[in-house]
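Just so it is clear, the values below take in all heavy atoms, side chains as well, and ignore hydrogens, waters and symmetry mates.
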Amino acid sequence: MGARNTGHGDWPQETPLYWLARIFFLPLFKLLFHFRVEGLDRYPSGPALIVANHVSALDPMFMAAAAPERVLMVGAAEYLQIPFVGWVMRMYGCIPIHRGQADLSAIKDSVRALQDGRKVVIFPEGRISPEPAPPQRGAAVVASRAGVAFVPAAISGSDRVFPMGARMIRLARVSVTFGPVHQPYGTTTHDYEAALAGAMMWVRGRQT
């Protein structure tokens with residue numbers, strides 16, 4: 001179900017069905033994509049905003065598999081129309097965002113989820129891009145309002161599995177690497193923008 005249809009604190013939980021799906025998909029991803037997750041020793045407890053690069057429409061699926069808990073995913077509303085990808089996003093727990101506009105509902109839902117103790121994944125570059133793009137301000141606004149730190153996550157190989165314009169999934173190696181927590185030095189939005197820039201710089205340094 002989508003996060004916007006839930007009440008306060010009523011986010012998708014780690015149900016037996018969630019763990020059953022995880023037990024099924026993780027070995028499948030390892031078989032098909034030699035899927036590898038690194039940096040879990042740096043993965044923090046408690047709420048945090050996970051920020052990742054965005055090179056494929058399948059990135060939300062790989063991020064969901066990489067996280068050791070059920071996180072909430074901020075995803076472009078148009079992704080919900082993609083067969084299978086949209087279904088997975090709805091079932092897993094998606095905060096849809098309408099790109100190209102100031103989507104205050106998405107910001108409010110993300111802040112509320114973080115304040116409820118959840119982790120939220122966001123792609124600050126705003127759209128799928130083979131090349132790094134400047135992070136948009138929205139992620140810093142969300143983190144500053146919720147008072148949480150950034151956790152960088154570098155996705156590698158998903159652009160070879162499902163590149164832009166492709167209609168079929170290809171077989172290639174995919175990895176997700178979690179980086180060190182980036183904590184702002186102050187409490188202003190500018191401080192959070194600087195921490196976000198540092199987190200995304202770490203991500204870009206790990207992209208292959």
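Remark: Ala133 engages Glu125 in a side chain to side chain contact (heavy atoms under 4.5 Å, CB included) (not counting sequence neighbours). Judged as a side chain to side chain contact (heavy atoms under 4.5 Å, CB included), and not counting sequence neighbours, Pro27 has no contacts. Under the ring pair (Phe, Tyr, Trp, His ring centres under 6.0 Å) criterion, Tyr43 pairs with Phe178, sequence neighbours left out. Residues that satisfy the salt bridge (Lys or Arg N to Asp or Glu O under 4.0 Å) test with Arg22, not counting sequence neighbours, are absent from this structure.
Atoms CZ and CD, on Phe150 and Gln183 in that order, are 9.5 Å from each other to the nearest 0.5 Å. In this structure, CZ on Arg112 lies 9.5 Å from CG on Leu72, to the nearest 0.5 angstrom. Going from atom OG of Ser158 over to atom CG of Asn53 covers 7.0 Å, rounded to the nearest 0.5 Å.
Of the possible donor and acceptor atoms, one in the side chain of Lys119 sits under 3.5 Å from a partner among the backbone N and O of Gly46. Between the side chain of Arg118 and the backbone N or O of Arg70 there is at least one donor-acceptor pair closer than 3.5 Å.
One hydrophobic cluster, built from ILVMFWY side chains closer than 4.5 Å, holds both Leu26 and Phe62. When hydrophobic clusters are built by joining Ile, Leu, Val, Met, Phe, Trp and Tyr residues whose side-chain heavy atoms come closer than 4.5 Å, directly or via intermediates, Phe162 is grouped together with Leu32. Taken together through direct or relayed side-chain contacts under 4.5 Å among Ile, Leu, Val, Met, Phe, Trp and Tyr, Val151 and Met201 form parts of separate hydrophobic clusters.
Sorted by first then second residue, the salt bridge (charged side-chain N to carboxylate O under 4.0 Å, His left out) pairs that include residues 36-59, not counting sequence neighbours, are Arg36-Glu38, Glu38-Arg206. Applying the side chain to side chain donor-acceptor pair (under 3.5 Å) test to every pair with at least one member in residues 190-199, sequence neighbours left out, gives these pairs: Arg137-Glu193, Thr188-Asp191.
Under the side-chain contact (heavy atoms from CB on, under 4.5 Å) test applied with Leu196, the options Pro135, Pro184, Pro152 reduce to a single match, Pro135.
Within the 4.5 Å cutoff, the side chain of Ile169 has heavy atoms near those of the Phe33 side chain.
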